[in-house]
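Only one structure is covered here, and it is reproduced in the block below.
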Amino acid sequence: MVVPSTTPARQETATMLLPPPSAGGGAIPTVDMSAPRGRGALSRQVARACAEQGFFRAVNHGVPPAGPPARLDAATSAFFALAAHDKQRAGPPNPLGYGCRSIGFNGDVGELEYLLLHANPAAVAHRASSIDTNDPSRFSSVVNEYVEAVKQLACDILDLLGEGLGLEDPRLFSKLITETDSDSLLRINHYPPSCTVHKLDHDDQCKLKGVARTKAGSGGNPAAGGRIGFGEHSDPQLLSLLRANDVDGLQVLLPDINGKDTWIQVPADSSAYFINVGDLLQALTNGRLVSVRHRVIASACRPRLSTIYFAAPPLHARISALPEMVTAGSPPRYRSFTWAEYKTAMYSLRLSHSRLDLFHVD
Ligand code: GA4
């Protein structure tokens, strides 16, 4: 049965009443993907982080920074350095393409510009001609090699999760994202420096304009002394893998030692991948894994560049709690739905909405 969401109220409370976000990565688990204590220990560690925080920092992950990530960063930085009217050729986002400030279709805005691409090679090729008019095939190959590398890491993590949770078929999660018609996305976010000039002005085709620095409590964002780069939300897909340059900004909403939700600043680490559980993994595991709420606060004096791979199943994939996750004491929490159905719901809602609530069983 469809139940009304209570999330917007909860989110406002969090933003208005919480003290400034806690600094430090102490609350953020780090997982060494090279498995120094063996695969069994690694799979348990991954499953535990995804159940307790829905978020972890993956190090020694096997994606060489000087390889696909460096080539993608160079290509996307070159795109964001173009004149506004050249970038607009790849927009407006529908939802894919180039976007500036505007996020989704329901009035959300953030202090960023971005490229949102389907991760499928045919879709990348189609889009590349409006992004790199000089050498679209080079842009496509740089994106495709990055997607291959990050998809491999996503599969490794999903397999570890399947093992750590003791699933009958531990590869069930990774199979969903390796289907040829998987609906995975790649998002590249560029947050201009927010301490000097550079307010992105939507009406003026996103030309960079001067604004004063926002001070803590002076208006922009009462909780953080910065501007909202990308507002609070959970990711709808299965798993997200984020890599960014050495500029802070990401925050996650984690329970503190008293069990109270607190915004935690995630210290930047350009050599790591930050992994978060999405709504679909929460639904498949009947709430055992948690889809973490996160946001980006733009307060740095240098631009932040982040790239996120959203691992998703095909549109027709049916999502319902796995039998292993349902017990007498833990009956199904969500009604069954397809990824296509979920996407329709999410595009009808604001960014901060807890859309999984719509599928909650009474
Ligand atoms: C949040 C996670 C991903 O960035 C994204 C976003 C999507 C979009 O930018 O088009 C959404 C947002 C995200 C969830 C709610 C809807 C859809 C904007 C928005 C307001 C690409 C995704 O898959 O869902």
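Atoms within a ligand are numbered from 1 in the order they appear, just like the ligands themselves. Numbers here are sequence positions counted from 1.
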Could you tell me whether the side chains of [X] and [Y] share a donor-acceptor contact shorter than 3.5 Å?
| X | Y | value |
| --- | --- | --- |
| Asp108 | His233 | no |
| Asp156 | Gln152 | yes |
| Ser270 | Asn245 | no |
| Glu113 | Tyr191 | no |
| Ser234 | Arg293 | no |

Atoms of ligand 1 close to [X] [distance to a heavy atom under 4.0 angstrom, numbered from 1]:
| X | result |
| --- | --- |
| Pro95 | 10 (O) |
| Gly104 | 18 (C), 19 (C), 20 (C) |
| Asp108 | 20 (C) |
| Arg355 | 14 (C), 15 (C) |

- Query: Among Gln237, His118, His316, which one satisfies side chain to side chain donor-acceptor pair (under 3.5 Å) with Asp183?
  - Reply: His118

Would you kindly specify which portion of [X] sits under 4.0 Å from ligand 1, judged on non-hydrogen atoms: side chain, backbone, both or neither?
| X | value |
| --- | --- |
| Tyr347 | side chain |
| Leu116 | side chain |
| Leu351 | both |

- 4.0 Å heavy-atom contact, Lys343 with ligand 1: no

- Answer yes or no for Asn106: is there a heavy-atom contact with ligand 1 below 4.0 Å? no

- Message: Can you tell me how the ring of Tyr347 sits relative to the ring of Phe105, calling it parallel under 30°, perpendicular over 60° and tilted otherwise?
- Response: tilted

- Query: In the protein, what heavy atom is nearest to atom 2 (C) of ligand 1, and what distance, to one decimal place, separates them?
  - Reply: Asp235 OD1, 3.4 Å

- Message: Given Arg187, Gln237, His233, Arg350, identify the one with the heavy atom nearest to atom 23 (O) of ligand 1.
- Response: Gln237

